[in-house]
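Chain A is the first sequence line, chain B the second, and so forth, proteins listed ahead of strands; every chain is numbered from 1.
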Amino acid sequence: MATVDVDTTTESGKAAAAAAPSPPAAACRRSSFSGADLALRALLFAVTLAGLIVLATAKQTVSIPVPEIPGLLVSRPAKFNHSPALIYLLVAQCVTCFYSLLTALTSLKLISGSSPTKTLFLLVLLDVLYAAIMASATGSAGGVAWIGLKGNTHTNWTKICNIYGNFCRHIGSSVFLGLVASVILVLLTILNAYCLYRRSR
Amino acid sequence: MEASRVKPGFNGVGMAAGSVNGSSRRPGPGLGYGYGYYMGSGAAAGGSGRAAQAPVDGCSVALRVFVVASTLVSAVVMGVDRQTRTIQITITDALPPLEVPLTANWSYSSAFVYFVVANAMVCLFSAAALAACRSRAAMVPVMVGDLLALALLYSAVGAAAEFGILGERGNSHVRWAKVCNVYGRFCDRAMAAVIVSLIGAFANLVLLMLNILTIHKSSSYY
């Protein structure tokens, strides 16, 4: 867990640091929000990319002794594509990663001085949509991760995280990064919608 | 913020702090301009009559009512979901079969508990927002709350649907057996609740987008 988290935080920190100098004083010319918008989008890109990589590399093979025959070990792999919820999370993070890249370019264009006649509106709409997608993906993957962590005695679903420790750490980190990504998307929506609202009436 | 595109008295810096309170005191003309075009005639009349009250958009009120109803229905359907089956187990042929009662309850699954709680919260919030739909001061808090409710509702639907899929199909890789062949009625009800809640979540999404459209149309960017 520690190594993964350190990796991701440094990566996102680097991306945020890289994004911070790019909106210079010109960013505040139109609105002081544009710089924050770009920084959040860069952060979103870093977080989703990190979550994507962490989830895609979640693979662990363990040897489990067969209770009937002592001495015999069966190797059983665990991969993220064994669960539809995790595949959904992977796809959602992939799509959001591309989206954040594209909208960061749009945001850069806004900063460079073009008039945001309809762009801001479309950005808010798409942000809401992607926030919904990321929230549902995080919810479903978090649900399956929770069952893996705790098990469910009522349905006889045993927990697997005591066996696949490394795999579970990857999944947990990825779900956490997905949660961070949805929070960032909600913040982006609030930021841009407020920008739009300030212009209203 | 270019001052030329903003109406007098609404330059961005001044408005940043007090826009919520300021907007409620804003008198008629700007309001009529902002909302008269794209809302119903009744809404425009309401808007010009009372300055402190927002014009009521029939479509968004209908959507809001739908969100309240669907989240309430899905919370209740999931909340009363419970099934007890008696299963006969034969140990040996000599003895009569043993009858074992098995119960499925919604509170056995943390995903379903989350689903019920999230739906109830969204229902309460939407009802409060419905009550406050005429107040202009509540516009921004309601939108932010709508956004949070949307995220909450979607994650709850995702978690519950994922649990339902596990129950329906199981997962052979980790040896989680499917349970819906035993608790058929329980699973059907849970699925119905998830679908109703999903439709409510879509309605919430459309509602939020309509609100954003309203703001966009009344902005100087339009």
Side-chain angles (χ1 to χ4, degrees), chain A residues 29-32 76-79 82-85 88 115-121 124-125 128-129 131-144 146-148 150-158 160 163-164 179 182-183 185-186 189-190 192-201, chain B residues 1-2 5-7 10 12 15-16 19 23 26 30-31 33-34 103-105 108-111 114 139-140 143-144 147-148 150-163 165-167 169 171-177 179 201 205 208-209 212-216 218-222:
Chain A
R29 192 175 57 99
R30 183 158 301 279
S31 158
S32 58
R76 289 187 68 86
K79 271 190 80 178
H82 288 174
S83 159
Y88 179 38
S115 178
T117 43
K118 252 186 185 161
T119 321
L120 207 55
F121 169 62
V124 178
L125 278 197
V128 172
L129 198 64
I133 290 174
M134 274 312 293
S136 65
T138 307
S140 57
V144 77
W146 183 257
I147 299 173
K150 297 280 175 186
N152 192 327
T153 51
H154 301 287
T155 51
N156 272 332
W157 294 342
T158 54
I160 56 161
I163 305 168
Y164 301 102
L179 184 65
S182 9
V183 170
L185 277 165
V186 167
T189 312
I190 293 177
N192 284 335
Y194 187 66
C195 224
L196 211 57
Y197 177 77
R198 272 196 350 174
R199 288 272 177 143
S200 64
R201 285 172 311 273
Chain B
M1 198 112 187
E2 321 138 72
R5 301 197 62 172
V6 183
K7 292 190 178 58
F10 274 90
M15 276 307 289
S19 72
S23 62
R26 197 64 200 154
L31 207 79
Y33 165 74
T103 304
N105 199 335
Y108 290 170
S109 148
S110 35
Y114 176 50
M139 194 170 166
V140 170
M143 270 193 70
V144 173
L147 192 59
L148 295 180
L150 184 81
L152 193 69
L153 203 54
Y154 267 101
S155 68
V157 167
E162 182 276 330
F163 198 89
I165 286 176
L166 267 184
R169 297 189 185 164
N171 192 328
S172 57
H173 301 286
V174 289
R175 297 186 186 176
W176 291 344
V179 291
L205 185 66
L208 195 55
M209 286 182 167
I212 293 168
L213 184 67
T214 305
I215 287 185
H216 171 64
S218 65
S219 77
S220 53
Y221 290 142
Y222 184 61

inquiry  = Is there a side-chain contact (heavy atoms from CB on, under 4.5 Å) between A/Ser136 and B/Val157? Walk through the geometry before answering.
reply    = CA-CA 7 Å; A/Ser136 65; B/Val157 167; over 6 Å; no

Part of [X] lying under 4.5 Å from any heavy atom of chain A:
X        : answer
B/Leu205 : side chain
B/Ala161 : neither
B/Val179 : side chain
B/Leu150 : side chain
B/Leu152 : neither

task = Could you please spell out the steps behind the side-chain contact (heavy atoms from CB on, under 4.5 Å) verdict for A/Asn192 and A/Leu196?
result = CA-CA 6 Å; A/Asn192 284 335; A/Leu196 211 57; over 6 Å; no

message = Test of understanding: with side-chain hydrogen bond (donor to acceptor under 3.5 Å, both in side chains), list the residues that count as partners of B/Ser155, not counting sequence neighbours.
response =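 Listed in chain order: B/Tyr114.
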
inquiry  = Checking A/Lys150 now: which residues fulfil side chain to side chain contact (heavy atoms under 4.5 Å, CB included) with it, not counting sequence neighbours?
reply    = A/Trp146

message = Ignoring hydrogens and geometry beyond distance, is a side-chain donor-acceptor pair present between B/Tyr154 and A/Thr138 at under 3.5 Å?
response =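 B/Tyr154 vs A/Thr138: no donor-acceptor pair found between side chains.
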
Residue [X] versus chain B: region with a heavy atom under 4.5 Å:
X        : result
A/Thr155 : both
A/Thr153 : neither
A/Ala131 : neither
A/His154 : side chain
A/Ile163 : neither
A/Leu125 : both

query = With respect to chain A, which residue among B/Leu166, B/Val174, B/Thr103 yields the maximal number of heavy-atom pairs within a distance under 4.5 Å?
reply =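 Most heavy-atom pairs under 4.5 Å with chain A: B/Leu166.
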
key: Winner by heavy-atom pair count (cut-off under 4.5 Å) against chain A, out of B/Ala111, B/Ser109, B/Gly158   = B/Gly158

ask   = Any donor and acceptor pair, going by atom type alone, linking the side chain of A/Arg76 with main-chain N or O of B/His173 inside 3.5 Å?
value = yes

message = Checking the side chain of B/Trp176 only, and the main-chain atoms of A/Thr158 only, is there a donor and an acceptor separated by less than 3.5 Å?
response =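 Yes, the answer is positive, given that a donor and an acceptor are paired below the 3.5 Å cut-off.
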
ask   = Angle class for the A/Phe121/B/His216 ring planes (parallel below 30°, perpendicular above 60°, tilted otherwise)?
value =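 Taking B/His216 first and then A/Phe121, their aromatic rings lie parallel (interplane angle under 30°).
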
ask   = Of the non-hydrogen atoms in A/Ser140 and A/Ala85, which two are nearest, and what is the gap between them?
value =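 So the two residues come closest at O-CB, 3.7 Å.
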
query = Between A/Leu129, A/Val183, A/Ile147, A/Ile133, which has the largest tally of heavy atom pairs under 4.5 Å with chain B?
reply =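 Heavy-atom pair counts peak at A/Ile147.
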
